[in-house]
Amino acid sequence: MSAGVELIRGTGNVFRDLDREDADAEQLKALLAAQIIACLDRRHLTGQAAREATGIATADFSRIRRAKLDRFTVDRLMSILNRLGQQVDVSVTLRERPAA
């Protein structure tokens, strides 16, 4: 390792590491979007084919692929996964935040 380089271990949530206000929600949305993309890829679905299969606008699938998730809520992303034939199971782990 080069001198002067400091490694900092992340929290596992890049949004929290970037001190984003809604870091946990943004992380969850990113994880759900990644699962939607993986499902589309496994099934070799284009945006148009995904629209035909789900009734969700082609533009929404394009936004998800480009990680433009500000228009999506967690429940909408979960609904899209459901329409793609996926069952979503959620597990929640709570930890105390470190003192600021």
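As the structure is a computational prediction, the values presented were derived from the model and not from experiment. The first residue of the sequence shown is numbered 1, and numbering continues consecutively from there.
The shortest non-hydrogen separation linking Arg65 to Asp41 is NH2-OD1, 2.8 Å. Heavy-atom minimum distance, Ala49 versus Leu45: CB-CD2, 3.8 Å. The two residues Ala57 and Arg51 come nearest to each other via the heavy atoms CA-CG, 4.2 Å.
Other residues, nucleotides and ligands contribute at most 12 non-hydrogen atoms within 6.0 Å of the CZ atom of Arg20. Crowding of Asp19 atom CG: a count of heavy atoms from other residues, nucleotides or ligands under 6.0 Å not exceeding 12. Residue-environment remark: CD (Gln48) exceeds the threshold of 12 foreign heavy atoms within 6.0 Å.
The CZ atom of Arg83 lies 4.0 Å from the CD1 atom of Ile56; values are rounded to the nearest 0.5 Å. Between the NZ atom in Lys29 and the CD1 atom in Ile64 there is a gap of 10.5 Å [rounded to 0.5 Å]. Taking OG from Ser79 and CG from Leu84, the interatomic distance works out to 9.5 Å, rounded to the nearest 0.5 Å.
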Quiz item: Please walk me through it: do Arg9 and Asp17 pass salt bridge (charged side-chain N to carboxylate O under 4.0 Å, His left out)?
Solution: CA-CA 10 Å; Arg9 183 172 304 276; Asp17 294 341; over 6 Å; no
Practice problem: Could you give me the CA-CA distance, side-chain angles and deciding distance for Asp70 and Arg63, then say whether salt bridge (charged side-chain N to carboxylate O under 4.0 Å, His left out) is met? | Solution: CA-CA 9 Å; Asp70 56 319; Arg63 286 184 191 99; over 6 Å; no
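With contacts defined as side-chain heavy-atom distances shorter than 4.5 Å, the pair Leu28/Leu32 qualifies.
The cluster map of Ile, Leu, Val, Met, Phe, Trp and Tyr, joined by side-chain heavy atoms under 4.5 Å apart, puts Phe15 and Ile8 in different clusters. In the hydrophobic clustering of this structure, Val90 groups with Ile36; members are Ile, Leu, Val, Met, Phe, Trp, Tyr whose side-chain heavy atoms approach within less than 4.5 Å, directly or through other members. In this structure, Ile37 is a member of the same hydrophobic cluster as Val88, with clusters built from ILVMFWY side-chain heavy atoms closer than 4.5 Å. Leu94 and Leu31 are not part of a single hydrophobic cluster, where members link through side-chain heavy atoms under 4.5 Å apart.
Judged purely by atom type and a 3.5 angstrom limit, Asn82 has no side-chain atom pairing as donor or acceptor with the backbone of Gln87.
For the side chain to side chain contact (heavy atoms under 4.5 Å, CB included) test with Phe72, the passing option among Leu69, Val74, Asp75 is Leu69; the others fail.
Among residues two or more places apart in sequence or in another chain, the side chain to side chain donor-acceptor pair (under 3.5 Å) test is passed with Gln27 by none. Listed by chain and residue number, Asp24 satisfy the side chain to side chain donor-acceptor pair (under 3.5 Å) test with Arg16 (two or more places apart in sequence, or in another chain).
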